[in-house]
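Scope of the values below: all heavy atoms of this structure, side chains included, with no hydrogens, waters or symmetry mates. Both ligands and their constituent atoms are indexed starting at 1 by order of listing.
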Amino acid sequence: MDKMWAGRFSKSLDKTADDFNSSIRTDCRMYRQDIKGSIAHAEMLAARGIISESDCGEITAGLEGILRDIDAGKLEIDMRAEDIHMFIESELTARIGDAGRRLHTARSRNDQVALDIRMYLRDECESIVLLIKRLISAIVLQAEKNECAVMPGYTHLQRAQPITFAQQLLAYANMLVRDVGRIKDASRRMNLSPLGSCALAGTTYDTDRRQPAKALGFSGVTANSIDGVSDRDFCVELLCALSLVMTHLSRFSEEIILWSSWEFKFIELDDSFTTGSSIMPQKKNPDMAELVRGKTGRVYGDLMGTLTMLKGLPLAYNKDMQEDKDAIFDGIDTVKSCLEVFAPMIETMKTLPENMYRAAQGGFINATDLADYLVKKGVPFRTAYKTVGQIVAYCIENGAVLDDLPIEEYKRFDKLFEKDLYDEIKLENCVRKRASEGGTGFDSVKAQIKAAKEYLI
Ligand code: ARG
């Protein structure tokens with residue numbers, strides 16, 4: 001294929017090198033952004049008298065035609081082209097001749113590609129936010145259904161204190177709300193137009209950078225032309241935010257996997273989100289959750305790859321930067337596909353509160369409450385803690401639990417124990433009493449659900 005930059009060269013590019021150099025397989029997905037950016041640029045050139053109104057009219061109509069044809073599947077993007085920018089410009093020139101050759105005045109592919117990526121990512125941020133919100137509402141739905149489902153809360157994966165399943169789920173909702181915040185922050189910061197930075201130094205033409213910026217919905221323009229074409233912080237920032245989304249989904253997945261095992265059986269995933277085994281007829285595997293956990297590494301890889309690609313680069317543009325798109329697109333695609341499967345998986349899962357409750361009955365998870373019982377009667381917490389520790393050891397030795405150890409035996413450890421202790425250590429009461437703001441108390445959980453619903457409106 002003839003190169004637009006062919007003038008200086010006496011030989012054409014080696015076939016392997018040409019293939020190696022091309023980014024069209026990756027950047028073809030930005031055709032819409034590229035065309036919109038070019039239209040805004042042409043309109044500015046005409047407004048400033050740099051090209052004629054009639055050339056601008058031809059360029060705009062030509063570009064709109066190309067956009068329509070690609071959308072309709074009438075124009076196939078040529079995978080032998082160097083990149084999407086070159087493909088569209090040469091297609092335009094093939095369609096309208098000389099006017100097309102004027103489009104690239106006062107512009108470089110360096111500011112063009114920086115513009116396209118920002119526009120593309122901006123839109124993707126919006127769709128990812130919607131997907132995260134969909135997952136948050138699935139979580140809230142399950143939280144509402146399981147407001148009263150008492151289960152053991154864990155630390156060190158050892159049964160610790162009674163909580164509700166809703167409280168555990170809402171922890172994930174909070175992480176995801178922060179993820180939305182981070183993605184919106186990244187989107188806001190990237191929303192400055194680099195167009196007009198040109199190759200690196202700005203331009204001698206009397207351009208107006210603010211006109212296309214405004215037309216394309218940017219909140220302003222980048223302040224330094226070298227930074228404008230060299231900056232890929234916005235890719236890194238978004239990949240950081242996406243990596244955290246994956247961290248959260250991965251932790252959640254790990255719990256889903258545990259909870260659906262026979263050892264826990266707190267939940268059962270819907271058949272439509274599980275798979276069978278090719279040999280073991282009894283198996284029902286949580287493949288979706290495992291894949292999400294597994295794909296987390298990919299997104300971390302995309303982040304590390306981009307950071308490493310950037311770290312040694314002198315200013316301004318270097319071809320290394322072409323690698324940014326493979327990474328950021330992979331990160332976006334991965335996160336979107338994970339969210340798309342995660343939300344309905346959560347929505348359709350069945351919870352098994354009886355099993356949760358049974359697990360909560362073992363493991364002495366009301367021991368803290370028993371210590372607090374003595375504290376309320378004036379015993380210093382450390383002393384109460386030690387006494388209850390001894391009672392737990394005694395129960396373990398004698399195959400008893402705190403709830404059915406006779407009062408006479410309690411009194412041997414401390415005379416302050418009375419029959420009302422049994423009420424104090426009932427699992428439901430242990431949960432109810434944790435009424436501190438954000439705690440697992442039933443009212444607190446209700447308030448959290450209400451707040452989450454308001455957030456989702
Ligand atoms: N395909 C290139 C990229 O994605 C476009 C910019 C090329 N600029 C250049 N001076 N070679 O980075």
Heavy-atom side-chain proximity of Ile328 to Leu238 below 4.5 angstrom: yes

So do the side chains of Lys15 and Phe20 get within less than 4.5 Å of each other, counting heavy atoms only? no

Just need the protein heavy atom nearest to [atom], so name the residue and atom and give the distance.
atom: atom 5 (C) of ligand 1; result: Asp83 OD2, 3.5 Å
atom: atom 11 (N) of ligand 1; result: Arg109 NH2, 3.6 Å
atom: atom 3 (C) of ligand 1; result: Tyr317 OH, 3.3 Å

Report the distance from atom SG of Cys198 to atom CD of Gln112, rounding to the nearest 0.5 Å. 11.0 Å

Let me confirm one number: the CD1-CD distance from Ile449 to Glu144, rounded to the nearest 0.5 Å. 5.5 Å

From Glu323, Gln322, His85, Gln112 - option closest to atom 2 (C) of ligand 1 by heavy atom: Gln322

Which of the atoms in ligand 1, numbered in the order shown and given with their element, are less than 4.0 Å from a heavy-atom of Ser23? 1 (N)

One finds that the ligand 1 atoms under 4.0 Å from a non-hydrogen atom of Asn110 are 8 (N), 9 (C), 10 (N)

I'd like to know whether the aromatic ring centres of Phe252 and Phe342 sit less than 6.0 Å apart in this structure. yes

Hey, is Asp271 close enough to Lys284 for a salt bridge, meaning N to O under 4.0 Å? yes

Report yes or no: does Lys325 have a heavy atom closer than 4.0 Å to ligand 1? yes

